[in-house]
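Start at 1 and go down the list; that is how both ligands and their atoms are numbered.
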Amino acid sequence: MALSRVVGRLLGVRPHLVDPGGGGAPRVPRHAAAVVVVGGGIAGISAAVVLAERGVRVTVLEAAPTLGGRLGAWPEALADGVQQVEHGFHAFFRQYYNWRAILRRIDPGLGFLRPVPGYPILSARWPTEEFGDLPAAPPLNLLTLLARSPSLRLRDLRGMDREAALPLLTYHPARTYATLDDTTAEALLDSLRLPDRARAMLFEVFSHSFFNHEAEMSAAEMVAQFHFYLLGNGEGLAFDAPDEDYATAIWAPLARHVERHGGRVVTGAVATGLRRRADGWRVVTADGTGYDARHVVLAVDPPALAALVEGSPGLAEHAPRLVARMPAFGRPGPPYAVARYWLDGDVRPDRAVFSGVSRQPTLDSVTLYHRLERESRRWAERGGGSVVELHAYACEPGVPAAELAERMRLELATLWPESAGLRVRELRARVAAQAPAFAPGSHTERPGVRTDADGLYLAGDGIATAFPTALMERSAATGIIAANHILRAEGGAAEPVRSVRPRGLLAKRR
Ligand SMILES: Cc1cc2nc3c(=O)[nH]c(=O)nc-3n(C[C@H](O)[C@H](O)[C@H](O)COP(=O)(O)OP(=O)(O)OC[C@H]3O[C@@H](n4cnc5c(N)ncnc54)[C@H](O)[C@@H]3O)c2cc1C
């Protein structure tokens with residue numbers, strides 16, 4: 001085991017069980033109640049996998065024609081054939097213990113996930129900063145970063161407000177929110193008095209990745225993410241990605257898994273409201289069909305959850321707290337943009353498969369799909385081109401997708417000049433606002449998995465948890481927690497839930 005992991009383990013940096021699971025029968029009794037899961041993204045399918053495996057009669061209602069939500073993929077007709085196109089490239093970090101546990105159902109060795117080499121941060125102003133080859137575990141990863149980063153010299157560290165930096169090392173699931181949730185991430189970063197370069201290269205790229213502007217994001221949430229990704233896990237900042245499109249690698253096999261265990265997956269089913277019944281709930285879809293169940297899991301994105309609650313007028317009587325929280329929770333973070341370009345030539349061979357970008361007005365990351373995924377690789381080999389995906393994680397509202405795509409392409413050319421001469425053969429661009437906002441002061445009102453209505457649960461990447469988690473992993477974890485509540489009510493064995501070290505390295509226990 002690498003030295004950093006040994007040191008990390010001695011300090012308790014390892015997977016921690018937040019729910020040991022078990023406690024019931026491997027399969028629920030035959031008369032156990034039915035469950036409806038609304039939403040077929042990571043959260044909904046994670047819940048459905050666990051429930052179906054225990055013999056629960058579960059039906060997933062997904063509005064779109066394909067599963068996956070923000071991790072989805074669908075076929076797009078290009079001039080020279082059909083290609084699966086993702087909603088956007090995703091980094092599968094190694095401390096995503098719960099999401100990986102779900103994915104192991106379809107591939108026990110997770111062979112479809114391949115390490116993505118390197119994790120460079122590009123800047124037009126400063127030399128590239130490399131995050132990919134840091135030691136895996138804290139504190140050696142942080143010490144190495146501080147020792148070798150050209151963005152942060154010893155004299156900069158002396159000029160920093162070290163007292164202000166302490167919260168980054170003392171994450172605590174209650175105290176961090178109690179002391180910092182009303183502050184913005186921007187104010188916290190200001191208080192560190194970091195040199196501009198260190199702030200841009202080490203911190204801003206990180207905070208942008210959460211689909212929130214620093215000025216509108218809770219400082220407590222940023223500290224929690226810093227802990228989850230850098231200082232609380234022994235797996236490192238390196239990550240993996242599927243070598244095939246997400247429909248083939250993830251969604252088709254997961255749907256088959258649910259169905260093989262007796263679950264049902266219905267796509268193109270838009271839930272419009274739910275009504276209380278004597279023995280549970282009725283979920284109504286746009287075509288007027290009613291789905292009855294004792295338990296319902298709402299695993300949709302925040303604006304969709306607010307719309308669903310609004311479409312369920314009777315809910316105010318049964319879940320007044322949930323209803324009261326919706327106006328704030330349903331307002332998503334800023335729009336994000338994804339542009340996939342099929343180009344007539346390639347960028348330099350030494351360009352990384354995935355790069356973060358610092359301080360460009362729009363562009364936040366670049367992914368070279370033709371060096372990552374099978375279908376794109378084949379397309380590029382046929383015509384000698386490249387497939388390049390550009391992301392903006394928190395962009396200006398009201399700008400059309402095509403314009404954002406063009407802005408990102410021009411910004412890429414300032415970083416990688418060779419890309420300027422490549423001609424665009426195809427472009428698929430989209431802009432959407434579905435990511436949860438983590439606004440200052442929002443923590444106490446953030447809904448959790450359990451609602452105040454019996455048999456009604458929430459799951460998704462905006463739902464509160466008592467342990468550090470984020471993004472895809474938060475979706476999977478909350479989906480499993482929702483399933484566990486139902487399994488415990490119906491006599492089935494619950495699923496283990498894991499997380500990273502529960503507190504920061506310097507956090508006091510009490
Ligand atoms: C461009 C981009 C890049 C990202 N990169 C990363 C990354 O690198 N790493 C990472 O961890 N995360 C990343 N994320 C975040 C990640 O995609 C999300 O955290 C995760 O997919 C959310 O899953 P979910 O199931 O909670 O929600 P969603 O994926 O939003 O799923 C909700 C589902 O509910 C369905 N639905 C909505 N309303 C209804 C209704 N009324 N009836 C029926 N169905 C409905 C939707 O169609 C959708 O399928 C990225 C996101 C984007 C957009």
F92 near ligand 1, heavy-atom distance under 4.0 Å? no
Could you list which atoms of ligand 1 come closer than 4.0 Å to a heavy atom of G68? 29 (O)
Does Q434 have a heavy atom less than 4.0 Å from any atom of ligand 1? no
Write out the residue and atom name of the closest protein heavy atom to atom 35 (C) of ligand 1, then the distance separating them to 0.1 Å. E62 OE1, 3.3 Å
Between V270, I42, T367, which one has a non-hydrogen atom sitting closest to atom 21 (O) of ligand 1? I42
Among protein heavy atoms, which lies nearest atom 42 (N) of ligand 1, and at what distance? A271 N, 2.9 Å
Any atoms of ligand 1 less than 4.0 Å from a non-hydrogen atom of G39? List them with their elements. 33 (C), 34 (O), 35 (C), 44 (N)
Any N/O pair L308/ligand 1 closer than 3.5 Å: no
A student checking ligand 1 against G460 at a 4.0 Å heavy-atom cut-off should list atoms 26 (O)
Backbone N or O of A405 within a donor-acceptor pair of the Y341 side chain at under 3.5 Å? yes
heavy-atom search around atom 27 (O) of ligand 1 in the protein gives R70 NH2, 3.1 Å
Check whether any N or O atom of G88, backbone or side chain, sits under 3.5 Å from an N or O atom of ligand 1, and answer yes or no. no
Would you say ligand 1 has an N or O under 3.5 Å from any N or O of A63? yes
Considering the heavy atoms of G69, write down every atom of ligand 1 situated less than 4.0 Å from one of them. 29 (O), 31 (O), 48 (C), 49 (O)
Within the 4.5 Å heavy-atom criterion, are L230 and N141 side-chain neighbours or not? yes
What protein heavy atom lies closest to atom 13 (C) of ligand 1? Include the residue and the distance to one decimal. H90 CD2, 3.2 Å
Contacting atoms of ligand 1, where contact means under 4.0 angstrom from a heavy atom of F89: 3 (C), 4 (C), 5 (N)
Are any non-hydrogen side-chain atoms of E76 and V82 less than 4.5 angstrom apart? no
Where is the tightest heavy-atom contact between P447 and R325, given as atom of each residue plus distance? CA-NH1, 3.6 Å
Considering only non-hydrogen protein atoms, determine which one is nearest to atom 36 (N) of ligand 1 and report residue, atom name and distance to 0.1 Å. V300 CG1, 3.7 Å
Just wondering, do V116 and D240 contact through their side chains at under 4.5 Å, heavy atoms? no
Atoms in ligand 1 with a heavy atom of A43 nearer than 4.0 Å: 25 (O), 26 (O)
In terms of heavy-atom contacts, does CD of E403 have more than 12 from other residues, nucleotides or ligands at under 6.0 Å? yes
Kindly determine whether E214 and L189 satisfy side-chain contact (heavy atoms from CB on, under 4.5 Å), including the steps that lead there. CA-CA 9 Å; E214 276 163 26; L189 290 180; 3.7 Å; yes
Close-contact set for ligand 1 against Y96 heavy atoms, below 4.0 Å: 9 (N), 10 (C), 11 (O)
Is there a heavy atom of A269 sitting under 4.0 angstrom from any atom of ligand 1? yes
Non-hydrogen side-chain atoms of D243 and L372 separated by less than 4.5 Å: no
Any ion pair linking E411 and R409 (charged N to carboxylate O, less than 4.0 Å)? no
Over 12 foreign heavy atoms within 6.0 Å of CZ, R321: no
Is a side-chain N or O of R54 found less than 3.5 angstrom from the main chain of V56, in a donor-acceptor match? no
With ring-ring contact (aromatic ring centres under 6.0 Å, His included) as the test, pick out the partner of F239 among F92, F131, F354. F354
Among all protein non-hydrogen atoms, which one is nearest to atom 24 (P) of ligand 1, and what is the separation to 0.1 Å? S475 OG, 3.5 Å
Would you say F211 contacts ligand 1, with heavy atoms under 4.0 Å as the rule? yes
Can the positive tip of R276 be found less than 6.0 Å from the middle of the six-membered ring of W281, inside 45° of the ring normal? yes
Has E221 got a side-chain atom pairing as donor or acceptor with D181's backbone, closer than 3.5 angstrom? no
Note: heavy atom closest to atom 53 (C) of ligand 1, options Y336, F354, F239, belongs to Y336
Counting only nitrogen or oxygen atoms and a 3.5 angstrom limit, does Y229 reach ligand 1? no
Donor-acceptor pair, D454 side chain versus H295 backbone, under 3.5 Å? no
Within a distance under 4.0 Å of any heavy atom of D461, pick out the atoms of ligand 1 and give their elements. 18 (C), 19 (O), 22 (C), 26 (O)
Please report which non-hydrogen protein atom sits nearest to atom 32 (C) of ligand 1, along with the residue it belongs to and the distance in Å to one decimal place. A299 O, 3.5 Å
So which protein heavy atom does atom 9 (N) of ligand 1 come closest to, and at what separation? A91 O, 3.3 Å
Evaluate side-chain contact (heavy atoms from CB on, under 4.5 Å) for E244 paired with F112, printing each intermediate quantity in order. CA-CA 7 Å; E244 279 200 284; F112 74 98; over 6 Å; no
W99 touching ligand 1 at heavy-atom level, < 4.0 angstrom: no
